[in-house]
Chemist: 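Below is the structure I would like to discuss, written out as structure tokens.
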Amino acid sequence: MKVFASITLVLLLASCSPDGIAPAQQQFSVSGLSYKNGAGLPANPSNPEDFIGTLYSELLQEYELLNTKPATLPLLIQQCETLAWINADFLALDDFSAYDPISVSDVQVYQNIDAADLRSHLSFGYSTAGKDLYVALADELTVLKASDGTYQEACQAIMATEALIITAPNLTATERHAMLMATSIMRNAVYNNGRKRKRDRDWEWMTGHYAAAANGALESSPQALLLSFVTDIYDN
């Protein structure tokens, strides 16, 4: 695939050292991410929407601090919304009022999605070029995971895609904005799922979360955050 080849080329040419990235020996392993000496968050100052990923990480950390976790999906949605509603950064989002309450069916549609079908689950609001970038990144991460690539390599793959999104001439301003939010969320999600929960999982987990973040981002930043947040936790 032409876009996939472009990402690989960017990875080969780039010497990227993003803030807070864990050391190279941290493994992006077949059974999930594992970390040695991990600290900080995987920031990408070049992504103008990177604060969305940081906010996603804040919400996830608040959830992990709960003594009692919700036992059902409706209660999980309620709990995640409650955490968002007491987060000052979430309430300060420019498009906060655009949030449309999430339903059970909104989350269930992203369950058990096969990685090979990612394209068909991406919103019609994305162009072919936008979907190509999403699918190429998923392919890149799948290869890294199968080969026990490092977390740094996974982060570089996402950041290389972000660089392409920023410069791609055939994306609309709307989808560019949405894609940069989605990739920021995914970069933080991959990091936190290895560092915080350390549960075994396969790629099917991330496919649904990936699609949820991408589609929610086309609607609004709070939609992207909460839909991906709930989908992420529900899949674990």
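Given the structure is predicted, the values throughout are model-derived calculations rather than measurements. Just so you know, these numbers use all the heavy atoms, side chains as well, and skip hydrogens, waters and symmetry mates.
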Chemist: Rounded to the nearest 0.5 Å, what's the gap from CD1 on I233 to CG on L59? Could you check?
Modeler: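 If I round to the nearest 0.5 Å, the distance is 8.5 Å.
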Chemist: Does D50 have any side-chain hydrogen bond (donor to acceptor under 3.5 Å, both in side chains) partners at least two apart in sequence or in another chain, and if so, which?
Modeler: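 Partners of D50 under the side-chain hydrogen bond (donor to acceptor under 3.5 Å, both in side chains) test: S184, R187.
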Chemist: Verify the distance criterion only: is there a donor paired with an acceptor across the side chains of N44 and E162 at less than 3.5 Å?
Modeler: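 On atom types as modelled, these side chains qualify, holding a pair under 3.5 Å.
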Chemist: Is the side chain of N47 donor-acceptor paired with the backbone N or O of L180 at a distance under 3.5 Å, no angle test?
Modeler: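 Indeed, once roles are kept as given, a pair shorter than 3.5 Å links the two residues.
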Chemist: Specify the closest pair of heavy atoms between A211 and L118, including all atoms of both residues, with the distance to one decimal.
Modeler: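 Here A211 and L118 meet closest at CB-CD1, 4.1 Å.
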Chemist: Can you tell me how far CD1 of I158 sits from CE of M186, rounded to the nearest 0.5 angstrom?
Modeler: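 Answer rounded to 0.5 Å: 7.0 Å.
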Chemist: Could you go through T207 and D117, starting from their C-alpha distance and side-chain angles, then the distance that decides it, and tell me whether this counts as side-chain contact (heavy atoms from CB on, under 4.5 Å)?
Modeler: CA-CA 9 Å; T207 304; D117 296 329; over 6 Å; no
Chemist: What pairs with D100 under side-chain hydrogen bond (donor to acceptor under 3.5 Å, both in side chains), at least two apart in sequence or on another chain?
Modeler: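 For D100, no residue satisfies side-chain hydrogen bond (donor to acceptor under 3.5 Å, both in side chains) once neighbours in sequence are set aside.
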Chemist: Could you state the interatomic distance from CD (Q156) to CG (L144), rounded to the nearest 0.5 Å?
Modeler: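 Q156 atom CD to L144 atom CG measures 9.5 Å (nearest 0.5 Å).
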Chemist: Evaluate E58 against T54 for side-chain hydrogen bond (donor to acceptor under 3.5 Å, both in side chains), listing each step before the verdict.
Modeler: CA-CA 6 Å; E58 288 178 13; T54 300; over 6 Å; no
Chemist: Looking at A224 and A213, what are the two nearest heavy atoms and their distance?
Modeler: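 Shortest heavy-atom separation between A224 and A213 comes out as CB-O, 4.1 Å.
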Chemist: First locate atom CG of D114, then atom OG of S120, and finally report the distance between them rounded to the nearest 0.5 Å.
Modeler: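 Output value for this atom pair is 9.5 Å.
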Chemist: Residues two or more places apart in sequence or in another chain: which of them pass side chain to side chain contact (heavy atoms under 4.5 Å, CB included) with D94?
Modeler: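 Once residues adjacent in sequence are excluded, D94 has no partner under the side chain to side chain contact (heavy atoms under 4.5 Å, CB included) criterion.
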Chemist: With rounding to the nearest 0.5 Å, note down the distance linking NZ in K131 to OG in S123.
Modeler: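 Here the interatomic distance stands at 7.0 Å.
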Chemist: Look up atom CG in L73 and atom OG1 in T231, then write down how far apart they are to the nearest 0.5 Å.
Modeler: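 One gets 8.5 Å once the value is rounded to the nearest 0.5 Å.
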Chemist: Is it true that L66 and L60 fall in one hydrophobic cluster, defined by side-chain heavy atoms closer than 4.5 Å?
Modeler: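 In one cluster: yes.
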Chemist: Taking atom types as modelled, is there a side-chain donor on S103 or D106 under 3.5 Å from an acceptor on the other?
Modeler: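 A pair is found: one side chain offers a donor N or O, the other an acceptor, under 3.5 Å apart.
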Chemist: Give a yes or no on whether V230 and W85 share a hydrophobic cluster (residues Ile, Leu, Val, Met, Phe, Trp, Tyr; joining criterion: side-chain heavy atoms under 4.5 Å apart).
Modeler: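 Shared cluster, yes.
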Chemist: With heavy-atom distances below 4.5 Å as the criterion, would you say the side chains of H209 and Y110 are in contact?
Modeler: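 Side chain of H209 against side chain of Y110, heavy atoms only: no contact under 4.5 Å found.
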Chemist: Do you know the tightest heavy-atom contact between P222 and F90?
Modeler: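 Smallest interatomic distance, heavy atoms only, reads CB-CZ, 3.5 Å.
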Chemist: What residues form a ring pair (Phe, Tyr, Trp, His ring centres under 6.0 Å) with F229, not counting sequence neighbours?
Modeler: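 Residues passing ring pair (Phe, Tyr, Trp, His ring centres under 6.0 Å) with F229: none at all.
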Chemist: I want to check something: taking the side chain as every heavy atom from C-beta on, are Q111 and Y234 in contact at a cut-off of under 4.5 Å?
Modeler: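 Q111 reaches Y234 side chain to side chain.
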Chemist: Which residues pass the side chain to side chain contact (heavy atoms under 4.5 Å, CB included) test with T172, not counting sequence neighbours?
Modeler: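 Side chain to side chain contact (heavy atoms under 4.5 Å, CB included) list for T172, sorted by chain: T174, E175.
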Chemist: Checking L91 now: which residues fulfil side chain to side chain contact (heavy atoms under 4.5 Å, CB included) with it, not counting sequence neighbours?
Modeler: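 By the side chain to side chain contact (heavy atoms under 4.5 Å, CB included) rule, L91 matches F96.
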Chemist: Do D132 and R119 have side chains that get closer than 4.5 Å, going by heavy atoms?
Modeler: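 Heavy-atom side-chain distance check passes, below 4.5 Å.
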Chemist: Once side-chain hydrogen bond (donor to acceptor under 3.5 Å, both in side chains) is applied, what residue pairs with a partner in residues 65-75 remain, sequence neighbours excluded?
Modeler: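 Every candidate side-chain hydrogen bond (donor to acceptor under 3.5 Å, both in side chains) pair involving residues 65-75 fails, so no pair, neighbours aside, qualifies.
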Chemist: Would you mind reporting whether R176 and I166 have side-chain heavy atoms less than 4.5 Å apart?
Modeler: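 No; the side chains remain at least 4.5 Å from each other.
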Chemist: Of all the heavy-atom pairs spanning I165 and T183, show the shortest one and how long it is.
Modeler: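 Nearest pair, atom of I165 first, then T183: CD1-CG2, 3.9 Å.
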Chemist: Report yes or no: does S220 contribute a side-chain atom to a donor-acceptor pair with the main-chain N or O of G216 at less than 3.5 Å?
Modeler: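 Looks like no, no N/O pair under 3.5 Å.
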Chemist: Take L55 and N87, measure what side-chain contact (heavy atoms from CB on, under 4.5 Å) needs, and give me the verdict at the end.
Modeler: CA-CA 9 Å; L55 180 48; N87 185 293; 3.4 Å; yes
Chemist: What residue pairs, at least two apart or across chains, pass ring-ring contact (aromatic ring centres under 6.0 Å, His included) with a residue in residues 112-131?
Modeler: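 Every pair satisfying ring-ring contact (aromatic ring centres under 6.0 Å, His included) with a residue in residues 112-131: Y126-Y134.
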Chemist: Where is the tightest heavy-atom contact between A129 and N170, given as atom of each residue plus distance?
Modeler: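 So the minimum-distance heavy-atom pair works out to CB-ND2, 3.5 Å.
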Chemist: Run the side-chain donor-acceptor check on residues 74-84: report pairs under 3.5 Å with partners two or more places apart or on a different chain.
Modeler:
residue: E81; atom: OE2; partner: Y99; partner atom: OH; Å: 2.5
residue: T82; atom: OG1; partner: Q78; partner atom: O; Å: 2.8

Chemist: Got a sec, which residues hit side-chain hydrogen bond (donor to acceptor under 3.5 Å, both in side chains) with S97, two or more places apart in sequence or on another chain?
Modeler: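 None.
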Chemist: Output all residues satisfying side chain to side chain contact (heavy atoms under 4.5 Å, CB included) with E219, sequence neighbours left out; order by chain, then residue number.
Modeler: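 Residues passing side chain to side chain contact (heavy atoms under 4.5 Å, CB included) with E219: Q223.
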Chemist: Could I get the full list of side-chain hydrogen bond (donor to acceptor under 3.5 Å, both in side chains) partners for D95, not counting sequence neighbours?
Modeler: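 Partners of D95 by the side-chain hydrogen bond (donor to acceptor under 3.5 Å, both in side chains) criterion, ordered by chain and then number, come out as S221.
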Chemist: Please give me the minimum heavy-atom distance between A212 and L227, naming the atom from each residue.
Modeler: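 It is O-CD2, 3.6 Å.
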